[in-house]
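So you know, we letter chains A, B, ... as the sequences are listed, proteins then strands, and number each from 1.
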Amino acid sequence: MAEITITINGEKVVAEEGRTILEAAKKAGYYIPTLCHMDGLKPLGVCRICVVKVDSASGLIPACNTRIYKGMRVVTEDEDILSARRSVLRLILSNHPNNCMVCEKNGRCELETLAHKYLPAGEITSDWGRAKNNYPIEDNNPLIEWDRNKCIMCSRCVRTCNEIVVRGAIGCDTVKGFTAIADIPKDKDSSLADCELCGQCIAACPTGALMGKREKLCGRSWDLKKVRTTCPYCGTGCNIDLYVNPKTNRVVKAEGSKEGPVNWGRTCVKGRFGYEFVHSTERITTPLIKKDGEFVPATWDEAYDLIAGKFKEIKEKYGPDSLGVFACSRSVNEDNYLLTKLARAVFGTNNVDNCARVCHAPSVAGLSAVFGTGAATNSFDQISGGDVLFVTGSNTTEAHPIIGMNIKRAVKNGAKLIVADPRRIEIVKHADYFLPLRPGTNVALFSGLMHVIVKEGLHDKKFIEKRTKGFEAFSKNLEKFTPEYTARITGVSPSVIVEAARMMGEAKNLMIYYSLGITEHAWGTQGVMSLGHLALLTGSVGRPSTGVNVLRGQNNVQGACDMGALPDIFIGYQKVADPAVREKFGKAWGAKMPETVGLRSTDMLDMMADKRIRGFYILGEDPAHTDPDISHIRKNLGALDFLVVQEMFMTETAKFAHVVLPASSFAEQNGTYANGERRIQLVNQAIPPLSGKENWQVICDVMERMGYDGPKYSHASEIFDEMTKVAEHFIGGCTWEGLREKGIQWPCPPGSKGTATMYTERFSPHPDGLGIFTPIDFKEPSEWPDSEYEFILSTGRRREHYNNGSMTRRTGIYKVWDHETVEMNPYDATRLNIIDGEKVRVVSRRGEVSVKAAVTDKSPIGTVWMSFHYQDALTNLVTNSTYDSVVKCPEYKVCAVRVEKLG
Amino acid sequence: MTVFSTWGTDGPSGAGAPISFSQDMPIRALMGWSGLIISDESVDIVDMTREYAARARAESCGQCFPCRMGTEEMAEIMERICDGRGVMEDIDRLEAVAGYVHESSRCDIGLTSPHPILDAIYSFRDRFVEAIREAKPVPRGEYVCQVTAPCISACPTRVNIPGYVEKIRMRHWDEAIKIVRDTCCMPGTIGRVCVKDCEFKCKRGAIDEPIAIRHLKRVAADMELKAGGASVPEKPLKDEKAAIVGAGPAGLSCAYYLGLKGYRSTIFEALPEPGGMAAVGIPDYRLPRDILRGEAAMVEAVGAEIRYSVKVGEDITIPQMLEQGYRAVFIAAGAPNSSAMGCEGEDAGYRGYMPGVEFLRKVAFGEKPLSGRKILVIGGGNVAMDCVRSARRLGFTDVNLLYRRTEKEMPADPFEIADSKDEGVKFHTLVAPVKIHASGGRVTALECVRMILGRPDASGRRKPIPEEKSNFLMDCDAIVPAIGQSCEVDRFAPEGIGVNKNRTLAVDPVTMRSSVPYIFGGGDCVTGPSTLVAALAAGRRAARSIMDYLETGDSAPRPEDWLDKAVSSLSRPGHSDDAPFAVLTHRHHPPMTDPETRIHSFAEVEGCLSPAEAGQEAGRCLRCYRIAIAALR
């Protein structure tokens with residue numbers, strides 16, 4: 001944008017053309033009051049408090065929605081303007097309640113602030129004789145209280161809900177004129193009926209009309225201490241501000257951090273309301289040692305002595321490879337880095353893995369095979385620039401709500417959306433094309449789409465020629481995937497395949513988003529590779545707003561992999577197989593590095609039964625809940641000689657431990673997380689650890705007790721500094737302080753500012769710098785319905801919960817979904833004579849679980865769906881532990897079950 | 001006679017435009033967006049101000065703060081005064097609030113409605129003081145109110161354009177289409193082919209480009225189709241029924257609005273197809289027949305019966321209709337006949353010669369009435385454009401349009417002209433036909449004369465005059481004149497009925513009633529060839545009069561008709577017509593099939609804006625609503 005000069009209050013000011021008066025004035029340091037305006041929303045210009053004078057107009061002009069022009073002369077304040085501002089404030093106050101004393105917003109209320117600024121003292125409380133409104137307070141929403149009497153009709157909540165969340169739970173169109181008020185949309189019968197509880201309306205409200213119910217009476221706003229940190233839930237990596245009441249040292253509220261580079265103040269239900277578990281009375285705060293089958297509180301010393309003794313004994317007797325470590329995708333990078341050190345330098349084994357194994361290991365392998373690195377290629381904020389978005393195997397609006405909102409908003413602003421998913425998930429409502437494929441047929445569908453693109457000549461020939469190899473054999477292999485052939489496998493109509501493929505082929509910027517629906521299959525790595533091929537084929541990688549973007553499930557699953565919590569790599573994807581790498585780490589860590597590649601977590605769990613793994617350390621993971629076929633897992637964990645679990649809560653897995661060590665929550669930690677766009681961000685301590693120790697301190701203590709003489713750290717940042725030194729090519733350019741504002745997207749070698757878009761020049765991790773096409777055939781899932789088990793069971797996540805639910809089940813959100821259900825199509829339900837809400841039994845070859853039926857056409861006929869968040873209904877008793885052929889990721893998304901009526 | 005006016009001024013002078021209403025208009029005083037006009041001094045200005053303030057409050061949409069709260073405040077103060085509870089400070093407060101609302105509001109409701117209120121206070125302050133001093137309730141007068149906008153006033157159907165545009169912005173498609181149907185029952189049709197007078201009056205056009213009002217209507221109609229079509233409200237059926245001659249836009253519109261109120265009707269249609277000229281005059285590439293059929297089906301669903309291929313006058317006469325129990329007749333027979341060119345040889349029956357109306361009708365029924373390589377079409381209106389573009393699609397490779405004035409004077413829509421040119425039509429202007437040359441009964445050439453433009457004629461356009469000795473020949477395989485249409489109502493209307501000189505039916509312009517009490521008329525057979533939207537409006541107006549007639553035996557103008565007429569005569573001068581500070585925007589243009597492809601078929605050329613684009617386009621609306629009330633005699 002060109003810069004132009006305007007005059008504000010007599011001073012020449014340079015501003016970008018196309019900016020509004022408000023923006024230009026703000027930049028130049030002039031204050032203009034606002035009420036209906038909010039950053040991130042389109043300016044509406046209704047409150048008229050931001051009026052200014054402009055030379056060429058006779059009246060008063062709103063500053064928020066008037067663009068500047070060259071030579072414009074603006075006056076931001078004079079007697080006329082002040083008079084207009086006073087007028088509007090008087091009119092607003094004429095029916096606004098005066099009970100600020102008992103209003104939660106007191107001290108932060110924008111109306112209150114402006115009234116005090118512009119009105120004479122006597123006028124603030126005097127009214128113009130009009131009766132105040134007397135709306136009942138709406139409180140049937142589980143988390144949000146709505147007092148419409150305090151509403152000033154700025155419509156910020158409405159616009160937030162419609163423009164940012166694209167949900168439309170609040171409207172303001174039911175009445176007009178003076179009685180107009182933010183309201184539920186027409187045809188909804190109860191307040192906030194469609195609400196997804198993201199809480200952004202609360203953040204948008206300038207007054208106290210919308211308030212969080214559970215935040216009431218937790219301290220006055222000016223007393224609270226604000227700590228910016230990173231959300232501990234999904235891999236989006238939103239920044240949130242935790243508010244701590246210093247008197248009680250409790251976290252009393254969370255809000256989206258306005259400066260957060262991923263979310264810019266936006267939140268989902270978990271980020272906004274999911275902090276309460278921190279103060280759950282069920283937190284484990286002292287070490288526990290199992291004696292006669294019962295856990296008994298112990299001192300740290302007792303626990304450490306026992307742990308060190310047992311692990312040393314096993315190591316000496318059975319060799320280092322009989323030990324293993326399960327690192328934590330939910331804890332900070334620093335913890336994971338230390339755990340790899342624990343495994344490699346102290347235990348002397350490469351048996352270290354993290355739960356990416358059971359979710360995104362195929363992404364790491366698949367994307368590495370095609371592009372060279374196993375991570376998302378682009379940034380989340382580039383979504384707005386994509387003209388065609390392809391979302392597949394991702395229930396984005398539930399599992400990654402902020403990304404889902406961004407996608408919905410892009411579509412609202414004109415982008416096209418193609419969704420391929422077996423279920424009619426929420427985002428399908430916004431899609432131009434919906435490809436409802438049979439579960440487990442991803443590779444066939446993607447091949448079919450690419451067949452059409454190649455056949456119609458829509459592929460990017462220049463890109464393919466210059467930057468890829470292997471296209472010829474690859475395109476030959478595509479030949480058989482005609483739309484008709486593909487349709488027979490996938491169940492998607494040939495014409496839809498053709499039209500969707502054309503839309504992708506003709507896209508300027510095709511952005512691909514996928515998640516576990518692609519990876520958690522026996523043919524998962526191949527599915528990921530196919531998406532990589534699709535990007536290469538259309539030249540949609542290496543530029544902003546393109547690429548293959550994997551949505552990581554857990555807050556730091558990217559980081560756990562980055563840190564080398566994998567059996568074959570060190571931090572920064574340095575290969576264990578490389579002697580030079582081993583030597584480097586041997587020197588850095590002061591111990592000889594084990595040579596053989598270690599075991600994957602799924603293998604380690606299998607090998608417990610036959611005693612090839614005897615001692616195990618788990619930080620914050622819960623395989624006895626989240627891994628497939630858990631009867632099998634339970635048997636294996638039970639066979640261990642010695643199990644240490646470091647946990648916040650008594651999870652299914654912790655129950656098997658010999659020693660449980662308390663873990664600290666995100667609010668008690670310093671450290672870093674890496675989100676799904678490779679952004680390393682700070683986690684800042686808001687309250688001291690409840691157990692007295694942060695996780696890294698505990699891990700260091702264990703290492704020390706085992707005789708390791710490592711560096712002594714006084715703060716997590718010192719661990720981070722060490723990391724930047726041993727992985728210089730990867731994060732050598734990062735400093736702890738440098739992460740504070742916006743984090744850094746790796747790779748960030750020394751001198752770099754991080755990488756928002758990867759592969760702009762070459763696919764550098766490949767020696768020749770080329771993207772690789774590999775012919776892939778379709779393979780059926782390993783378990784398919786038959787006469788005995790007639791349904792496909794697919795599993796996934798709900799917006800309100802997270803993983804094993806140990807955190808979310810201990811917050812106010814729990815009420816929203818407090819029990820597991822099995823979703824099934826009305827056709828199937830009718831056939832089996834099952835009604836909505838009825839308790840049924842879901843049975844597979846491996847186990848069974850009793851849950852309520854939810855009859856919905858979200859599920860296609862023949863497919864049922866469950867989440868896995870509930871400890872009282874363990875879905876994974878039923879799922880199949882067949883593994884992905886390449887990386888051993890389990891096939892959570894397809895197994896055969898039958899549904900039985902109870903009683 | 002106007003005794004006092006502030007219209008168009010910004011002060012209390014009373015020296016506003018001396019607008020007077022004609023004798024037959026029973027208007028005593030009018031308060032509107034640009035001032036106050038009084039014809040009868042005895043009108044109670046205080047009570048009228050109360051009424052105006054109440055109307056302003058009712059119309060405030062509630063979005064911008066000054067208008068939402070200010071109109072409430074003004075209405076409340078006036079109510080207090082008129083209830084006898086006023087205090088002297090109220091006048092100053094009213095003035096202050098009105099002044100604030102006037103200067104700070106966002107759209108014309110807030111910007112303009114304080115205007116007459118302030119005028120009333122300035123000019124008649126003593127009467128307000130008196131009312132407060134007396135402290136007695138002020139007797140309530142009777143008023144009519146109209147809420148309009150420049151676009152609304154420009155549209156014959158008076159469809160609430162800012163209303164449906166706003167619903168589209170909010171993506172409430174069902175509500176948008178409902179607003180359109182309230183006054184205009186064929187949104188899919190009119191959304192494709194309207195001449196869109198509204199867009200020429202759109203205030204946005206003065207800033208950058210007018211809103212795509214027509215196209216937005218089409219988007220709403222398409223969205224409704226996508227959602228599974230319209231639903232028909234249940235209503236009790238009445239006994240009386242009406243006969244309608246012609247299932248064109250006027251006839252369908254009349255039947256629709258009769259049906260909405262429970263009156264059944266039967267439409268007698270000469271063609272085997274609904275839509276009249278819209279069906280057989282507008283080619284499918286502009287208006288797909290399915291759309292028209294769908295909207296006719298909607299009319300049937302609300303309670304009309306359409307009898308096809310029935311020629312009124314031959315198969316059934318109007319007296320026979322009465323015998324069959326129809327109590328009123330609406331004549332909407334259109335103007336289906338071609339006007340003559342006054343050119344030698346046009347009556348000779350040569351092959352290769354065919355009037356435009358006939359040509360389009362045959363094309364509409366799937367025939368290929370003319371063939372060859374080179375065709376000449378004479379005329380500069382939309383029918384001529386339809387003829388050249390259809391000819392292009394029939395395989396003529398050398399398509400020529402002849403017009404006797406210049407392109408500037410062509411009555412056709414500029415977009416149509418541009419689209420024709422894109423399709424390769426050659427334009428020859430300042431050319432008039434003189435004689436058709438033929439050989440073996442088949443046209444071979446057209447002799448033409450060059451024209452020059454003289455002084456403006458009655459239509460305001462410069463009159464073309466033949467240039468001497470400029471005759472020349474144009475070879476051709478076919479000639480299609482498209483210079484006008486006519487009708488012959490007297491062919492089947494009862495004897496003695498009032499008929500105009502050009503054989504159109506004479507009716508009252510407000511009630512649409514003819515000289516025979518039970519016969520009403522509307523559309524092209526009344527106005528001569530006119531627009532589709534005018535026919536829709538006429539049909540609806542006739543429906544209202546027919547219902548009056550069926551219920552009371554008479555039909556007369558209503559008070560709001562007088563106000564409508566008065567409002568139409570008021571232009572709106574003043575500063576707020578220019579809006580230099582609105583953000584400059586660009587109109588969204590719907591996708592069009594490229595000319596290379598489209599000339600090979602009659603498939604629809606214009607695509608539909610996506611919902612997102614439509615929402616953005618709708619967001620450009622400035623909502624130039626304004627309010628007028630009148631005190632009647």
Side-chain angles (χ1 to χ4, degrees), chain A residues 18 20-21 35-36 42-49 51 54 56-62 65-67 69 72 80 83-92 94-95 128-130 152-155 162 168 171-173 175-181 185-187 410-416 432, chain B residues 10 56-77 80 87 90 93 96-97 99-107 109-111 163 166-167 169-172 174-175 575-576 578-585 588 609-616 619:
Chain A
T20 61
I21 297 176
L35 271 177
C36 71
K42 287 179 201 146
L44 193 63
V46 294
C47 77
R48 311 313 254 200
I49 197 145
V51 286
V54 172
S56 51
S58 52
L60 299 175
I61 300 294
N65 68 349
T66 306
R67 302 241 174 117
Y69 57 78
M72 180 185 240
D80 295 341
S83 156
R85 288 181 186 157
R86 282 195 289 268
S87 294
V88 76
L89 285 168
R90 282 186 194 115
L91 286 169
I92 295 171
S94 74
N95 81 330
W128 283 25
R130 194 199 328 271
I152 61 165
M153 271 306 287
C154 63
S155 78
N162 287 277
C172 60
D173 51 314
V175 279
K176 67 176 189 175
F178 185 69
T179 48
I181 191 133
K186 62 186 181 88
D187 70 31
V411 172
K412 196 169 178 182
N413 290 333
K416 302 273 188 277
D432 293 86
Chain B
D10 260 334
R57 166 170 65 182
E59 288 309 320
S60 172
C61 77
Q63 287 188 52
C64 85
F65 287 31
C67 177
R68 170 165 60 89
M69 297 177 299
T71 52
E72 168 76 13
E73 193 70 32
M74 290 192 285
E76 220 167 75
I77 291 172
R80 203 154 57 219
V87 290
D90 278 342
R93 183 177 290 173
V97 173
Y100 172 63
V101 174
H102 177 55
E103 88 187 340
S104 293
S105 293
R106 185 174 176 221
C107 78
I109 293 224
L111 290 172
E166 177 157 60
K167 294 297 180 192
R169 180 166 67 78
M170 295 171 167
R171 300 177 188 222
H172 295 161
D174 49 339
E175 291 177 27
H575 68 276
S576 39
D578 51 66
F581 288 104
V583 180
L584 287 187
T585 58
H588 288 71
L609 286 179
S610 72
E613 291 164 330
Q616 286 163 8

Query raised in the report: Given A:L91, which of B:R68, B:M69, B:E72 fulfils the side-chain contact (heavy atoms from CB on, under 4.5 Å) condition?
Result: B:M69
Query - Region of B:E166 in contact with chain A, defined by heavy-atom distances below 4.5 Å - result: neither
Query raised in the report: Between A:L35, A:N162, A:I152, which has the largest tally of heavy atom pairs under 4.5 Å with chain B?
Result: A:I152
Query raised in the report: So, does A:R48 use its side chain to make a donor-acceptor pair with the main chain of B:P66 at under 3.5 Å?
Result: no
Query raised in the report: Stepwise, does the side chain to side chain contact (heavy atoms under 4.5 Å, CB included) test hold for A:I92 with B:F65?
Result: CA-CA 8 Å; A:I92 295 171; B:F65 287 31; 3.6 Å; yes
Requested in this report: Please determine, among B:A96, B:G99, B:S105, B:G70, the option with the most heavy-atom pairs under 4.5 Å with chain A.
Outcome: B:S105
Query - Close side-chain approach of A:K412 and B:R171, heavy atoms under 4.5 Å - result: yes
**Report entry** Any residue meeting salt bridge (charged side-chain N to carboxylate O under 4.0 Å, His left out) with B:E103, in chain and number order, not counting sequence neighbours
**Finding:** none
Query raised in the report: Tell me, side chain or backbone of A:L44 under 4.5 Å from chain B's heavy atoms, or both, or neither?
Result: both
Query - From OG (B:S104) to CD1 (A:I61), nearest 0.5 Å - result: 9.5 Å
